[in-house]
2 protein chains.
Amino acid sequence: MAAKFELIKKYILEKIESGEWQENAPVPSENKLAEEFSVSRMTARRALEELSQKDILVRTKGSGTYVASLKSQGSMFEIRDIADEIKERGHEYSATVIELGEIDAIAATAIALDVKIGAQVHHSVIVHNENGKPVQVEERFVNPEMAPDYLGQDYTEISPHEYLSQVAPLTEARHTIEAISSTQQVCDWLKLVKEEPCLQLIRRTSSKQGVVCFARIIYPGSSYRLSGQLTFPDN
Amino acid sequence: MAAKFELIKKYILEKIESGEWQENAPVPSENKLAEEFSVSRMTARRALEELSQKDILVRTKGSGTYVASLKSQGSMFEIRDIADEIKERGHEYSATVIELGEIDAIAATAIALDVKIGAQVHHSVIVHNENGKPVQVEERFVNPEMAPDYLGQDYTEISPHEYLSQVAPLTEARHTIEAISSTQQVCDWLKLVKEEPCLQLIRRTSSKQGVVCFARIIYPGSSYRLSGQLTFPDN
DNA sequence: ATTTAAAAGTTGTATATACATCTTTATTGT
DNA sequence: ACAATAAAGATGTATATACAACTTTTAAAT
């Protein structure tokens with residue numbers, strides 16, 4: 001039989017995963033959880049404390065416990081939102097939607113998304129511009145079952161990453177990074193006059209319900225960098 | 001005044017950082033710590049438990065608490081040890097030491113290592129081979145104060161990473177990845193016949209005592225990949 | 001010597017309690 | 001209406017206790 005505090009953790013995680021408790025939503029207090037689950041306060045506390053140490057919850061003395069900002073989750077090795085980064089630099093950000101529609105999944109896509117070959121999947125190609133100049137291209141294949149409204153969004157306003165985070169919070173992502181030479185297609189998208197080494201980041205995102213998204217993000221290697229941080233105990 | 005359990009955590013971390021307690025070393029039991037620090041068992045337990053959740057300690061019911069394998073630390077976004085990876089594939093691994101000595105720190109190196117410009121720092125260039133073919137070059141600048149014996153190691157036997165992990169465990173690393181075109185020097189080292197897009201990973205490693213190492217690791221982008229994983233709560 | 005059984009040691013879970021510290025809300029006085 | 005104060009509510013730290021479950025060591029029996 002599972003431990004009591006694990007059941008409470010599970011309960012909270014489910015609320016967050018389902019989207020019922022969004023970012024910054026208040027979580028029941030130690031005493032409330034203790035009463036609802038018929039456990040002592042210390043047991044309820046343990047559940048909250050452990051989730052807080054995993055940065056899923058944020059606790060404030062005197063105030064309460066809240067769902068953490070999900071962006072802080074992935075930040076260990078998340079590409080900082082390109083829009084934020086550009087704006088922070090004081091430059092103008094814009095996005096160009098090159099493609100947004102459905103396509104048949106070829107074998108590689110089907111495997112990555114865990115759907116049948118030939119199945120219709122959502123597909124988008126978006127170019128991010130800094131001061132009007134393209135600096136990053138982002139191609140995504142999205143499992144329609146996980147995000148049925150994917151095609152209905154305005155991606156000049158909200159980034160796909162942002163939207164998908166709302167639809168499927170608490171996801172796990174696997175990344176692969178490689179250096180490639182820009183293909184003709186990439187040269188077109190990024191308006192490169194010649195071939196250039198590029199960073200290609202492939203990201204496969206899944207939640208407990210299944211694979212959400214398969215993304216290919218390409219930077220011209222010379223102009224942009226991807227930074228990751230391996231943190232370690234503060235003390 | 002700091003909380004009692006924080007003092008115990010600090011005590012344990014210092015033992016590990018100093019190297020006094022190595023990998024898999026036994027850590028005093030809850031009861032022993034409770035007695036030594038004159039606290040209740042629950043307080044000592046809290047210190048051990050929190051360090052265990054950060055993967056610094058490993059606890060086994062009935063047996064005891066031990067210092068975790070440090071390699072599991074960085075594994076979230078550590079480049080898997082190239083030697084291991086090659087051996088796992090059933091291929092032959094070898095390393096070629098191209099350079100091993102001292103050099104004057106130029107400005108960029110000095111800043112990265114937090115030493116004075118012109119100071120002598122340890123320097124190594126090592127090429128890793130798979131079945132005799134070079135697949136990765138690794139250039140390192142090492143702060144001599146942190147690892148005085150760096151030059152005395154046999155890097156065909158032990159990897160610099162492995163050695164440095166012993167000298168300075170519990171480090172924090174910052175990574176930057178970019179795509180570059182191979183320079184002539186890199187072409188020489190990797191025996192590339194023509195320019196090729198490469199992944200360049202720059203890693204700056206520091207412990208609490210200071211900056212340990214500044215490393216530049218270059219892969220031919222087409223043949224090798226760097227994989228990272230963003231994990232998320234198991235439940 | 002080998003096996004078996006008991007004991008001791010260690011971590012895991014759970015509870016009840018006490019008090020500290022901070023925040024938010026409600027009350028009261030002007 | 002405003003400000004000051006009090007009360008209530010929340011998290012933070014610490015302790016003492018009890019028992020469960022597992023491992024290692026010790027002791028005993030064969």
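Chain letters run A, B, ... following the sequence lines, proteins first and then strands; every chain starts at 1. Everything numeric here is computed off the predicted structure, so don't read it as measured data. All values below come from the heavy atoms of this structure, side chains included, with hydrogens, waters and symmetry mates left out.
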In whole angstroms, the gap separating C1' of C/dT15 from CZ of A/F5 amounts to 15 Å

State plainly whether the residues B/R140 and B/E138 are in salt-bridge range, i.e. N to O under 4.0 Å.
-> yes

Any chance the side chains of A/E139 and A/H123 put a donor and an acceptor closer than 3.5 Å?
-> yes

Is A/V27 close to A/V67 at the side-chain level, that is, under 4.5 Å between some pair of heavy atoms?
-> yes

Excluding sequence neighbours, so at least two apart, what forms side-chain contact (heavy atoms from CB on, under 4.5 Å) with A/A34?
-> A/V39, A/A44

Atom-to-atom span, CD of B/E35 to C1' of C/dG9 - whole angstrom | 14 Å

Go through residues 25-34 of chain A and report each residue with a non-hydrogen atom lying under 4.0 Å from DNA chain D, sorted by number.
-> A/S29, A/E30, A/K32

When the distance from CG of B/L48 to P of C/dT13 is rounded to whole Å, what number comes out?
-> 14 Å

Report the distance from atom CD of B/Q53 to atom P of C/dT11, rounded to the nearest whole Å.
-> 15 Å

Nearest-Å distance, CD1 (B/I8) to P (D/dT13)?
-> 13 Å

Take atom CZ of B/R46 and atom C1' of D/dT15, then tell me their distance rounded to the nearest Å.
-> 13 Å

Reckon A/R45 touches a base, only the sugar-phosphate, or nothing at all at heavy-atom distances under 4.0 Å?
-> base

Any residue meeting ring-ring contact (aromatic ring centres under 6.0 Å, His included) with A/F37, in chain and number order, not counting sequence neighbours | A/Y11

B/R46 charged N/C atom sitting above B/F5 aromatic ring, 6.0 Å / 45° | yes

Residue pair A/L100 / A/Y155, side-chain heavy-atom distance below 4.5 Å = yes

Apply the test ring-ring contact (aromatic ring centres under 6.0 Å, His included) to residues B/F141 and B/Y150: give CA-CA distance (whole Å), side-chain angles for both, the deciding distance (0.1 Å), then the verdict.
-> CA-CA 10 Å; B/F141 301 89; B/Y150 183 72; over 10 Å; no

Nearest-angstrom distance from the residue atom CD of B/E49 to C1' of C/dA14 | 14 Å

Begin with the C-alpha distance, continue with both residues' side-chain angles, and end with the deciding distance and a verdict on side chain to side chain donor-acceptor pair (under 3.5 Å) for B/T156 and B/D154.
-> CA-CA 5 Å; B/T156 58; B/D154 178 4; 2.6 Å; yes

Are any of the side-chain heavy atoms of A/V211 and A/F214 separated by less than 4.5 Å?
-> no

Take the protein atom CZ of A/R59 and the nucleotide atom P of C/dT23, then report the distance between them rounded to whole Å.
-> 15 Å

Show each protein N/O and nucleotides 16-23 of chain D N/O combination with a separation under 3.5 Å, one pair to a line.
from   : atom 1 : to    : atom 2 : distance (Å)
D/dT23 : O4'    : B/G62 : O      : 3.3

Just report the end-to-end axis angle for the helix from C/dA1-D/dT30 to C/dT30-D/dA1, five pairs per end, to 10 degrees.
-> 10°

Only counting residues at least two apart or in another chain, list the ones meeting salt bridge (Lys or Arg N to Asp or Glu O under 4.0 Å) with B/E49.
-> B/R45, B/R59

